[in-house]
Amino acid sequence: MRPILERVGRGEVLLADGAMGTQLMARGLKAGECPEALNLDRPDVVASVSADYAAAGADIVLTNTFGGSPLKLALYGLEGQTEAINAAAVAAARRGAGAGVYVAASCGPTGRMLQPYGDTPPAAVAAAFARQLAALAAAGVDLIVVETMTDLAEAVLAVAAARAAAPGVPVAATMTFDVTPNGFFTIMGVDIPRAVRELAAAGAHILGSNCGVGIEPMVAVAAELRRATDRPLLVQANAGLPQMRDGAPVWPETPDVYAGRAAALPALGVGIIGGCCGTAPAHIAALRRMLDAGR
Amino acid sequence: MDTLAQLAEMLQRGEDQEVLRLTREAVAQGLPAGRILNDGLIAGMNVVGERFKRHDIFLPDVLLAARAMYAGMEQLKPLLIRDGVPARGRVVLGTVQGDLHDIGKNLVAIMLRGAGYEVVDLGHNVAPAAFVDAAEREGARVIGLSALLTTTMPVMRQVVELLRERGLAGRVRVIVGGAPVSADFAREIGADDYGYDGASAVDKVAALMEAR
């Protein structure tokens, strides 16, 4: 397969997959269970998520390693299995997605607050990312996606760790921005120009945003990202904010609503479009139809 | 600027060493501990909460201010006890069972402590019975429940029901919060109130403490 950066660089729009966590819940993952443990315990279930997204038309699937850093796995006492969990995730994604689909390594926050605001030394976070990304790189991935970051210092550490662990693999870095009366900021107070500047300086090839409150504000975020950088952009929005109906979460943005609004993204030069929390294979199928129609 | 105004100012800037120094200075000047707390530390934290609510400042600023507040509180605690200054009330707080996310809950704890409440923080992944047991043991009048995952929101209802079973409903009030939680959800499960963010949680807890 041709490298992702080459295709995106030529103006092609690639379709990434949708949510992993909410899909695993739909397949029986219980509250309080470690999602990444399924890579070892139920790899068939993890592979089935990637298979459904590939069947829906995704060009890229993300591994079930969002919480795969040893600092995060330690919440479940699983830090000793960091290497096995991350390697199994890549294998499950490859097997599920099949030939012709790129496998991207997901790398989420450690869940720790870094000094000076919290008690975790930055060196411990850097070491955790280095260990996770070495395992992912050894398993062989086509892209690394550092995602859902709110602390720029932590995001920069993850990007640097990705570049060091896998010098030949492109790195995307996406942050989660809130809509405030003063503009878009992460909960840690990072604005888009600063995020773009520092993540690019750390070596991220692709920049962007994921999670958040829905596809509509995400289009506005993408427009501001475009103004701040000419690097390729990656966008994965939530299907809105969940509402509880009869004790079960319902995500308000249907596949057609999501894809309809996302139709504005290619014109902004977004090279990779997918979904985050609440998006399902039907959302990816709708995005596929939207992209194919606009081709 | 007098010492207490300086204290409030340094707290807002998150200067913990300065807050420590000024708290000691205020004590040495013979100011009552209750006044140092209210007109220095809490006054400063109120401004921090308001500015956070307006998105003027962000989580890091709040965390630094909280650290400064605790530096001052450590000095004042024995004096407040000696002077018999009553605390504003006790709140049991935690992220519900199955949920390991605690940034939001920690922020609420900071804001409540900043407003002068005693907070019993049970941490994350807390079982319904642990909330109710702690509220009884600590004599707390309010339980605060946090959840980030939609899958753990039903645990909030279990806490409300357990309070009813034990005959504590009404005596112990429940306030819920977290990204997927809403005022509608709070009503649906029979919780007493919903806090949109850390700052509004303080206002709501104050109202629940008063309500009889």
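Bear in mind the structure is a predicted one, so any value in this text is a computation, not a measurement. Chain naming here is simple, since letters A, B, ... match the order of the sequence lines and numbering starts at 1 in each.
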Open item on the list: Out of Thr22(A), Leu75(A), Val213(A), Leu241(A), return the one with the most heavy atom pairs under 4.5 angstrom to chain B.
Closed with: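 It is Leu75(A).
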Task: Between Gly32(A), Gly111(A), Gly21(A), Gly189(A), the one whose heavy-atom pairs under 4.5 Å with chain B are most numerous - done: Gly189(A)
TODO: Please state whether the side chain, the backbone, both or neither of Ile103(B) comes within less than 4.5 Å of a heavy atom of chain A.
DONE: side chain
- [ ] Under 4.5 Å heavy-atom distance to chain B, tell me which part of Thr186(A) shows up: side chain, backbone, both or neither.
- [x] backbone
TODO: Under 4.5 Å heavy-atom distance to chain B, tell me which part of Met25(A) shows up: side chain, backbone, both or neither.
DONE: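 Looking at Met25(A), just its side chain touches chain B.
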Open item on the list: Between Pro180(B), Ser182(B), Pro60(B), who has the most heavy-atom pairs with chain A when the cutoff is under 4.5 Å?
Closed with: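 Greatest number of close heavy-atom pairs with chain A: Pro60(B).
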- [ ] Under 4.5 Å, counting heavy-atom pairs only, tell me which of Asp61(B), Asp99(B), Leu63(B) racks up the most with chain A.
- [x] Leu63(B)
Show me the donor-acceptor pairs, under 3.5 Å and distance only, between side chains in residues 48-56 of chain B and residues at least two apart or in other chains.
unit_1: Arg54(B); atom_1: NE; unit_2: Asp56(B); atom_2: OD2; d: 3.3
unit_1: Arg54(B); atom_1: NH2; unit_2: Asp56(B); atom_2: OD2; d: 2.9

Task: Proximity of Tyr194(B) and Phe185(B) rings by center, below 6.0 Å - done: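 No, ring centres 6.0 Å or more apart.
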- [ ] Using the six-membered ring wherever Trp is involved, compare the ring planes of Tyr258(A) and His283(A) and label them parallel, tilted or perpendicular (cut-offs 30° and 60°).
- [x]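 Perpendicular.
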Task: Verdict with supporting geometry, Glu118(B) and Arg88(B), salt bridge (Lys or Arg N to Asp or Glu O under 4.0 Å) - done: CA-CA 7 Å; Glu118(B) 269 186 84; Arg88(B) 279 190 79 185; over 6 Å; no
TODO: Go through the side-chain N and O atoms of Arg131(A) and Ser69(A) and say whether any donor and acceptor fall under 3.5 Å apart.
DONE: no
TODO: Compute whether any side-chain donor of one residue and acceptor of the other, for Arg21(B) and Gln17(B), lie under 3.5 angstrom apart.
DONE: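 Not at all, the side chains of Arg21(B) and Gln17(B) share no donor-acceptor pair under 3.5 Å.
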